[in-house]
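Side chains are part of it too, since the values below use all heavy atoms of this structure and drop only hydrogens, waters and symmetry mates. Chain letters run A, B, ... following the sequence lines, proteins first and then strands; every chain starts at 1. This is a predicted model, so every value here is computed, not measured.
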Amino acid sequence: MSLSTRYNPKETESRWYEYWEKKNYFHSEPDDREPFTIVIPPPNVTGVLHMGHMLNNTIQDVLIRRARMQGKNACWVPGTDHASIATEAKVVQLLRKKGIKKGDIGREEFLNHAWEWKEKYGGIILDQLKKLGASCDWERTRFTMDPSMSRAVVHVFVDLYKKGKLYRGLRMTNWDPEAKTVLSNEEVIYKEENSQLFHIRYPFEDNPTEGIIIATQRPETIMADVAIAVHPEEEKYKHLIGKNVLIPLINKPIPIIADSYVDREFGTGALKITPAHDQNDNEIGQRHNLPVVDILTEDGKLNEHAQILVGEDRFVARKKIKKLLEDSGTLVKLEDYRTSIGHSERTDAIVEPRLTNQWFLDMKDFAKTALHAVESKEVKFYPENMWNMFYQWLQEDNVRDWCISRQLWWGQRIPAWYVKTADGGRWMADGEEAVFVAENVEAALAQARQKTGNTGLTLNDLEQDEDVVDTWFSSWLWPISVFDGFENQEELKYYYPTSVLVTGWDIMFFWVARMIMSGYEWSEELLGKELAEKKGRMPFHDVYFTGMVRDNKRRKMSKSLGNSPEALELIENYGADGVRFGMLLAGSAGNDIIFDAPFDPETKQALNESKLCEQGRNFCNKMWNALRLVKGWPVSDAPQSKINQLAVSWLEHKFNQTLAGLENNFNQYRLSDVLMSLYQFIWDDFCSWYLEMIKPAYNAEGNSEPLDRATFEATVALFEKMMAALHPFMPFVTEEIWHQLRQRAEGQDCIVSRYPAPGAFDGNMIKLVDKAKDVITEIRNTRNGKGISPKEPLKLFVQNTDSAKAMYQLDGLTEMVGKMANLTSVELTGSEPEGTVAFISGTEKYFLELNIQIDVEAERERLTKELDYNRGFVTSVEKKLSNERFVSGAPAQVVENERKKLADGLEKIRILKEALAKL
RNA sequence: GGGCGCAUAGCUCAGUUGGUUCAGAGCAUCUGCCUUACAAGCAGAGGGUCGGAGGUUCGAAUCCUUCUGCGCCCA
């Protein structure tokens with residue numbers, strides 16, 4: 001035989017992937033079939049494949065491959081996200097290494113560098129997905145900054161502006177001083193940290209020896225203070241309201257004001273008000289018409305308004321000011337303090353609240369739309385309880401307007417123009433900078449001419465907004481824009497709404513909610529009312545939320561922690577099929593996944609090992625060896641034996657039973673359950689039982705006797721059906737075995753074969769064989785316990801009862817038990833044969849002739865133990881049945897079952913007593 | 001501070017409508033086997049008061065209350 005004793009994934013996987021691509025199996029064009037569409041959550045173009053990607057793309061591939069095998073037009077659109085902050089940071093870093101500063105080279109040249117970088121490295125993660133076996137339609141690969149996608153962003157921006165949902169305004173925003181850009185609330189990560197609370201005395205203007213003490217975490221911002229606030233009801237301070245105090249170090253007078261926002265219990269009960277550098281202070285400042293003094297630069301340094309420490313970084317300034325306050329005697333107390341501090345998701349810099357001019361999207365109506373979509377189940381969540389989180393987030397009080405502008409260059413530039421004035425400023429209207437939002441500069445110019453009344457304006461008089469839009473402002477259009485839906489609705493009409501979105505719950509708000517919003521906002525306009533009503537406005541019907549992949553300490557796996565195995569190394573070690581198996585079995589929908597990669601005790605880094613992936617690899621090998629066995633048998637035209645008839649028919653019934661269970665699990669996205677039941681069917685039922693049942697004997701020359709043709713054909717047919725059923729999960733090994741099983745004609749490939757549909761099955765027949773399996777196990781167990789080799793043939797007697805007769809009436813069952821347990825004979829008997837050991841299986845009594853001296857005491861002990869167990873069991877059932885309320889209250893079926901249990905138990909007790917008496 | 005979720009075998013997890021031997025799976029452990037498909041294997045075994053307490057019910061891992069421990073989201 002030419003097949004290697006071990007399955008070799010390396011060679012197989014690359015070969016089949018190339019073949020599938022060559023045959024164009026992944027490609028989809030609209031046709032008459034029902035579409036099944038998935039759009040990939042586009043990974044960052046800067047990214048490399050990590051465990052989260054592996055999990056979520058394996059799941060998508062399972063769903064897509066199954067749909068394809070069900071005869072649907074499966075379309076999985078891949079692509080990448082331009083990830084503006086992350087990518088820009090990366091390119092800035094790269095240029096810095098070359099000694100180039102972003103500010104020196106200007107926007108255009110910087111973007112050239114960025115594109116160059118994208119062209120060079122941007123495809124890496126997609127190539128890695130191919131290694132995993134992802135059957136994406138690569139011809140459809142998209143990038144969120146593709147020209148048509150960028151045009152969609154501009155179109156949508158202008159549309160929303162016209163609808164009055166977009167506005168520009170000066171707002172308190174989260175500022176990242178490192179990236180020098182504003183962040184949305186979702187991009188701020190709060191971390192518990194140690195901090196200090198500074199108690200500082202502000203002297204009274206009219207009596208500098210006395211003063212009021214405030215507590216603050218940010219002493220470096222005192223120069224920006226504009227007031228001290230106290231609670232209006234606070235006795236301690238009531239009389240001070242209206243007095244002026246002096247800011248220490250700069251001696252600037254500020255008033256003491258009253259505001260009920262102040263928490264009387266916190267710190268000293270007096271609060272310094274710094275409207276430029278704190279969200280809450282800003283609101284108080286607005287209530288009291290206080291001025292705003294901004295003392296920080298865009299990169300977090302003190303500016304000239306601070307008067308002192310100008311040019312110092314905010315944290316250096318904090319240290320220095322501590323010293324200055326101590327020296328001046330105004331620092332009265334330092335207190336250790338735990339607080340949560342916001343960090344930038346991308347740069348990890350501590351976020352600075354800052355007043356800036358930004359673009360906002362009004363979210364009120366959008367939030368309602370998204371809530372309604374999920375509430376009405378037009379979009380279904382799996383697992384369902386994710387709805388709770390979604391609901392919570394979209395409550396009116398929680399929804400803030402979406403700040404969509406970013407002070408970056410890499411991304412879609414905001415389509416808004418201003419009119420330059422001679423003095424270098426911008427033309428104002430109604431006290432604000434006049435802004436002209438349009439799809440292009442010419443249209444903006446026309447608007448500007450009309451508004452200013454100056455028909456002589458030229459393109460040179462306009463300047464475009466410097467900012468780009470938030471990355472999510474392009475990815476929220478993804479389900480529409482990957483089909484170029486804003487420009488040409490041909491494909492959109494076929495593929496939209498997509499079938500299912502598979503993504504982690506961590507971007508539920510960033511992305512999932514916003515896609516739902518954009519879907520409902522534009523699909524009707526694009527599809528036409530009739531079609532939108534027929535097919536739905538939602539961007540996807542189902543959302544399958546995957547959990548986060550965590551290490552055994554429950555930390556999210558990340559590159560920086562070093563707690564994640566290398567995805568590609570895992571594939572190298574276990575094969576893509578093995579890794580897919582491991583990922584899928586690790587957890588179920590929504591629950592976080594604890595991935596079992598062990599750690600190197602020395603380096604504390606995760607090793608590229610995994611027990612679950614190993615199990616997957618072993619499974620491949622198991623199936624491979626089953627193939628070798630089947631292919632190795634000579635085939636004859638002899639008639640089919642009774643055993644083989646029984647075996648084939650049993651396996652067919654059992655397979656149908658398994659398939660029937662699969663359907664429901666698939667529909668609920670319980671993929672790990674589906675995989676597990678296939679695993680158990682193939683390993684246990686097919687390999688351990690079926691193949692052993694039909695395995696031909698060896699002749700004197702040590703060669704296998706032939707297998708009859710009917711059984712051989714049935715085996716091959718079942719084997720290939722199993723491979724088809726497993727294909728979505730483990731595509732490579734199944735395709736390989738599929739082709740090894742038979743000569744295949746052109747186009748007969750597992751990937752495009754029909755997914756096996758469940759047929760009828762005889763549950764009673766399956767039960768009888770299960771009973772026989774139990775008998776066989778009992779015999780093997782007896783051999784094990786008494787040290788009798790499996791090779792030594794034994795004689796078995798069955799007590800002749802009605803139930804035993806009914807069982808062994810099944811054609812081939814007697815022979816099957818004899819073969820599997822290595823028995824010379826299986827006989828029904830009326831009396832107990834001498835010198836045998838008795839055991840019970842089901843309600844049948846068996847006697848096994850062992851040809852050895854029987855240890856009577858050991859037998860007595862064993863039987864007594866079993867008797868005790870059964871007595872206890874019967875007692876509990878009797879108790880239940882003697883309860884009048886149970887008998888009258890429980891459904892008849894349940895009571896009937898209890899009666900049966902009782903009868904069986906009593907029968908067992910009778911048999912055991914009899915056996916004990918005979919000893 | 002507000003909210004959501006979790007706790008089942010040594011580990012990672014299933015357990016769908018409260019009801020069949022429902023207390024399960026895989027891994028790990030132990031015993032015996034290099035039996036001509038597979039030692040990446042075969043045949044077996046042990047192991048859990050379902051986090052604690054209380055309640056509803058004829059019946060609770062499952063529903064309710066409460067406590068403890070842990071995780072996450074929002075502020």
Inset, instruction - Establish, yes or no, whether a centroid distance under 6.0 Å links the rings of A/Tyr382 and A/Tyr544. - result: no

Inset, instruction - Determine which nucleotide pairs with B/rC70, using a 3.5 Å limit on both distances of a Watson-Crick or G-U wobble pair. - result: B/rG5

Legend entry - A/Lys900 with A/Asp904: basic N within carboxylate O range, under 4.0 Å: yes

Inset, instruction - Would you mind reading off the distance between A/Glu663 atom CD and B/rU16 atom C1', rounded to a whole angstrom? - result: 16 Å

Legend entry - Nearest-Å distance once atom P is located in both B/rC13 and B/rG51: 15 Å

Legend entry - Same-atom distance (P) from B/rU12 to B/rG19, integer angstrom: 27 Å

Legend entry - Value in whole Å for how far the C1' atom of B/rU17 lies from CD of A/Gln668: 13 Å

Inset, instruction - Using the C1' atom as the reference point in each nucleotide, state the distance between B/rG71 and B/rU62 in Å, no decimals. - result: 22 Å

Inset, instruction - Before accepting this row, confirm whether a basic side-chain N of the pair A/Asp684/A/Lys654 lies closer than 4.0 Å to the acidic partner's carboxylate O. - result: no

Inset, instruction - Provide the Watson-Crick or G-U wobble partner of B/rU29, both distances under 3.5 Å; none if there is no partner. - result: B/rA45

Inset, instruction - Decide yes or no on side chain to side chain contact (heavy atoms under 4.5 Å, CB included) for A/Met623 and A/Phe686, but give the supporting numbers first. - result: CA-CA 10 Å; A/Met623 293 186 285; A/Phe686 181 67; over 6 Å; no

Inset, instruction - Find the distance A/Glu384:CD to B/rU16:C1' and express it as a whole number of Å. - result: 12 Å

Legend entry - Upstream residue (5' side of RNA chain B) when A/Leu691 and A/Gln615 are each assigned their closest nucleotide: A/Gln615

Inset, instruction - Identify whether any heavy atom of A/Gln680 sits under 4.0 Å from a base atom; if not, whether one sits that close to sugar-phosphate; answer base, sugar-phosphate or nothing. - result: sugar-phosphate

Inset, instruction - Measure the distance from CG on A/Asp673 to C1' on B/rG24 and round it to the nearest whole Å. - result: 12 Å

Legend entry - Counterpart base for B/rG59, defined by Watson-Crick or G-U wobble contacts under 3.5 Å: none

Inset, instruction - Using a heavy-atom cut-off of under 4.0 Å over every strand shown, decide if A/Ser688 touches base, sugar-phosphate, or nothing. - result: sugar-phosphate

Legend entry - Closest to the A/Asn784 side chain, choosing from B/rG44, B/rA40, B/rU35: B/rG44

Legend entry - A/Asp770/A/Lys767 ion pair, N-O < 4.0 Å: no

Inset, instruction - Using the C1' atoms only, state how far B/rC63 lies from B/rG18, rounded to an integer number of Å. - result: 8 Å

Inset, instruction - Name the residue closer to the 5' end of RNA chain B, choosing between A/Asp684 and A/Trp689 according to the nucleotide with the nearest heavy atom. - result: A/Asp684

Inset, instruction - Please determine if a side-chain N or O atom of A/Lys611 lies less than 4.0 Å away from the OP1 or OP2 oxygen of B/rA28. - result: yes

Inset, instruction - Rounded off to whole Å, could you give me the CZ-to-C1' distance for the A/Phe581 and B/rC27 pair? - result: 11 Å

Inset, instruction - Would you indicate, yes or no, if B/rG44 has its OP1 or OP2 atom less than 4.0 angstrom from a side-chain nitrogen or oxygen of A/Arg780? - result: yes

Legend entry - Parallel, tilted or perpendicular: rings of A/Phe581 and A/Tyr679 (30°, 60°): tilted

Inset, instruction - Verify the contact: side-chain N or O of A/Arg550 to OP1 or OP2 of B/rC72, cut-off strictly under 4.0 Å; return yes or no. - result: no

Inset, instruction - Measure the distance from NZ on A/Lys786 to C1' on B/rG44 and round it to the nearest whole Å. - result: 14 Å

Legend entry - Separation of the P atoms in B/rG26 and B/rA43, to the nearest angstrom: 12 Å

Legend entry - Watson-Crick or G-U wobble mate for B/rU17, both contacts under 3.5 Å: none

Legend entry - Proximal nucleotide (of B/rA40, B/rG41, B/rA43) relative to the A/Lys622 side chain: B/rG41

Inset, instruction - Compare side-chain N and O positions of A/Thr777 against OP1 and OP2 of B/rG44 and report whether any pair is under 4.0 Å apart. - result: yes

Inset, instruction - Round to the nearest Å and state the distance from A/Tyr391 atom OH to B/rC73 atom C1'. - result: 16 Å

Legend entry - Touch class at under 4.0 angstrom, heavy-atom based, for A/Cys687 against every strand present: base

Legend entry - Nearest to side-chain heavy atoms of A/Asn618, which nucleotide of B/rG41, B/rA14, B/rC38: B/rG41

Inset, instruction - Counting heavy atoms from C-beta on, name the nucleotide in B/rC72, B/rG41, B/rA25 closest to the side chain of A/Trp505. - result: B/rC72

Inset, instruction - For the pair A/Trp511 and A/Trp472, name the ring-plane relationship: parallel under 30°, tilted 30 to 60°, perpendicular over 60°. - result: tilted

Inset, instruction - Consider the side chain of A/Trp393, meaning its heavy atoms from C-beta on, and name the nucleotide among B/rA14, B/rC38, B/rC74 that approaches it most closely. - result: B/rC74

Inset, instruction - Pick the P atom in B/rU35 and in B/rA40, then give their distance to the nearest Å. - result: 14 Å

Inset, instruction - Answer yes when A/Glu907 and A/Lys845 have at least one side-chain N-carboxylate O distance shorter than 4.0 Å, and no when they do not. - result: no

Legend entry - Side chain of A/Met676 - closest among B/rC38, B/rG44, B/rA25: B/rA25

Inset, instruction - Rounded to whole angstrom, note down the P distance from B/rA23 over to B/rG46. - result: 15 Å

Legend entry - Rounded distance (Å) that lies between atom P of B/rG44 and atom CG of A/Asn822: 14 Å

Inset, instruction - Using the P atom on both, measure B/rU68 against B/rA53 and round to a whole Å. - result: 15 Å

